[in-house]
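One structure is given here, and the rest of the page talks about it.
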There are 2 protein chains.
Amino acid sequence: MTDTRNNLDTRERILDVAERLFMAAGYEATSMRMITGEAEVNLAAINYHFGSKEALLREVFRRRLAWLNSERLVILDELEAQAGAAALKPSQVLEAFFGTLLRMGEDPALGGMVFLRLLGRTLTDPADFIRTFFAGEYAEVIARYKRALFRSLPDVPKEEIIWRFHFMLGSMSYALAGTDMLQIVAGCEPNEASATNAEAARRLAARVMPFLLGGLRAPLPQFVDAVAQRDEAAGDAPARTVLTA
Amino acid sequence: MTDTRNNLDTRERILDVAERLFMAAGYEATSMRMITGEAEVNLAAINYHFGSKEALLREVFRRRLAWLNSERLVILDELEAQAGAAALKPSQVLEAFFGTLLRMGEDPALGGMVFLRLLGRTLTDPADFIRTFFAGEYAEVIARYKRALFRSLPDVPKEEIIWRFHFMLGSMSYALAGTDMLQIVAGCEPNEASATNAEAARRLAARVMPFLLGGLRAPLPQFVDAVAQRDEAAGDAPARTVLTA
DNA sequence: CTCTGATTCAAACGTTCGTTTTAATCCTAA
DNA sequence: TTAGGATTAAAACGAACGTTTGAATCAGAG
């Protein structure tokens with residue numbers, strides 16, 4: 001009985017293993033020898049097929065983000081077509097943006113939870129080539145959804161919406177990346193530890209979406225008086241409360 | 001004129017530089033030669049004073065978290081003493097937990113925004129020794145604040161509170177770590193780019209605290225019927241809406 | 001079959017990594 | 001002033017890193 005080496009071609013086997021190892025250990029801590037070893041391909045195959053380790057990481061993401069971002073645009077187009085001249089509801093926009101993401105976690109063919117965790121962790125990676133890459137991949141989708149949020153929340157200052165979009169991305173990114181801190185918070189293994197990845201994705205979706213919507217629609221912040229801020233900066237004892245509410 | 005090498009002793013100069021470089025490039029991508037070079041100390045000084053690179057990272061965090069966590073416990077003690085038998089308001093608990101954190105960003109002596117960004121980025125690091133370290137450092141404080149949140153939200157299932165605590169940690173962690181994605185979302189440099197770090201911390205605090213509170217108090221999720229879930233897992237086409245609301 | 005381009009392979013490249021060693025230097029207490 | 005522990009210094013260690021090379025092997029077209 002021969003092995004399964006040629007069931008998938010070398011390129012995709014490298015991508016699959018790299019996706020999993022980058023998720024488990026991070027980009028820097030994952031060596032090309034770990035990847036090629038586990039994929040049972042020659043060390044030189046990565047440089048032959050992708051050019052470099054950096055290019056491999058980019059291709060790992062491009063493979064998944066191509067589907068994700070195109071799907072996000074299609075769904076937003078559909079929603080806006082249905083709504084006609086009316087503005088979408090904030091919940092519709094969030095559902096389109098984050099729901100599409102979470103659906104990847106339920107479908108192994110789209111990367112499953114492995115890719116979602118990798119994405120969550122890599123979004124905060126400080127490496128220049130990663131930040132540049134994500135900026136390019138996300139620019140169009142973010143711009144479209146930003147406009148949709150502006151229209152859906154006409155009474156909220158645009159700057160505030162931008163910040164809250166940022167916070168929502170953070171909640172989601174972290175929720176995906178970190179089973180770790182969740183275990184610290186929970187004080188034990190999450191319940192139903194033997195749940196499949198698809199079930200885990202559904203559970204996460206059901207819990208995180210209301211949280212995001214609640215944060216997005218929260219009362220606007222009460223800013224501290226600018227004069228008080230200046231006094232503090234001048235050396236007065238800082239007030240203990242950051243938020244007055 | 002002699003240099004300023006001995007104004008601070010070697011240990012603290014290593015810690016300061018390491019804190020900044022770990023923040024800017026991450027743990028793996030920061031070499032000991034970069035640290036000792038910039039700190040103008042001998043390469044062997046890190047192993048002499050701290051034992052290893054891993055132990056150095058731990059000490060970088062211990063130095064700041066000692067203050068943070070003790071302050072968090074003291075403030076919670078005070079609040080609970082004032083409240084007597086009554087439960088605290090959720091906003092008070094959040095203010096104590098996250099407000100204390102954000103105050104570090106305003107005070108360079110406590111690490112300032114450099115440390116906050118390092119903390120935000122490192123919380124999602126997959127390295128085992130880092131996760132183990134944070135689990136130990138955070139256990140007591142998390143347990144205390146979890147109990148306080150349970151009491152302040154008696155009608156919300158504890159499991160739901162745990163998840164939302166997790167999401168709030170994520171929003172905050174990401175908000176601290178990522179000026180990067182914010183720039184993508186904003187489409188340009190954040191306004192008042194020349195603001196001081198202390199001002200940046202205050203602005204962030206004013207914006208993120210209402211978001212967290214809104215997420216924490218959001219309506220409870222409407223779970224999909226368990227039977228429908230099982231049908232989906234059995235191979236039916238997955239529903240397109242992750243959240244029904 | 002033979003030729004040709006694509007792919008795989010083993011081996012080595014030069015560099016950088018964290019750590020260790022041994023000697024020199026500094027600082028303080030006797 | 002001098003002994004002795006604490007700190008710094010320069011140099012080297014072996015291991016692991018990403019990458020490159022050149023030959024071997026494969027697969028499909030003529």
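Quick note: numbers below take in every heavy atom, side chains included, and nothing from hydrogens, waters or symmetry partners. First the proteins, then the strands, lettered A, B, ... as listed; each starts at 1.
The CG atom of L21(A) sits 12 Å away from the P atom of dG18(D) (whole-angstrom rounding). Rounded to whole angstrom, the span from the CD1 atom of I14(B) across to the C1' atom of dA9(D) amounts to 13 Å. One atom, CD1 of I35(A), and another, C1' of dT19(D), lie 14 Å apart when rounded to the nearest Å.
Residues V74(B) and E78(B) form a side-chain contact, since some pair of their non-hydrogen atoms from C-beta on lies under 4.5 Å apart. Looking at W67(A) and M104(A), their side chains come closer than 4.5 Å, going by heavy atoms from C-beta outward.
In terms of phosphate contacts, T10(A) brings a side-chain nitrogen or oxygen within less than 4.0 Å of OP1 or OP2 of dT8(C). For H49(B), a side-chain nitrogen or oxygen approaches OP1 or OP2 of dT8(D) to under 4.0 Å.
For E54(B), there are no side chain to side chain donor-acceptor pair (under 3.5 Å) partners, not counting sequence neighbours.
The heavy-atom pair separating V114(A) from M23(A) by the smallest distance is O-CG, 3.5 Å.
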Using a 3.5 Å cut-off and no angle test, enumerate the donor-acceptor pairs between side-chain atoms of residues 134-146 of chain A and protein atoms at least two apart in sequence or in another chain.
| residue | atom | partner | partner atom | Å |
| --- | --- | --- | --- | --- |
| R144(A) | NH1 | D77(A) | OD1 | 3.2 |
| R144(A) | NH2 | D77(A) | OD1 | 3.1 |
| R144(A) | NH2 | E80(A) | OE1 | 3.0 |
| Y145(A) | OH | R72(A) | O | 2.7 |
| K146(A) | NZ | V185(B) | O | 2.9 |
| K146(A) | NZ | A186(B) | O | 3.3 |

Using atom names, set out every protein N or O paired with an N or O of nucleotides 16-22 of chain C below 3.5 Å, distance rounded to 0.1 Å.
| residue | atom | partner | partner atom | Å |
| --- | --- | --- | --- | --- |
| dC17(C) | OP1 | S31(B) | OG | 3.3 |
| dG18(C) | OP1 | K53(B) | NZ | 2.7 |
| dG18(C) | OP2 | M32(B) | N | 2.9 |
| dG18(C) | N7 | R33(B) | NH1 | 2.8 |
| dG18(C) | O6 | R33(B) | NH2 | 2.8 |
| dT19(C) | OP2 | N47(B) | OD1 | 3.3 |
| dT19(C) | OP2 | K53(B) | N | 3.0 |

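F167(A) has its ring centre no less than 6.0 Å from the ring centre of Y174(B).
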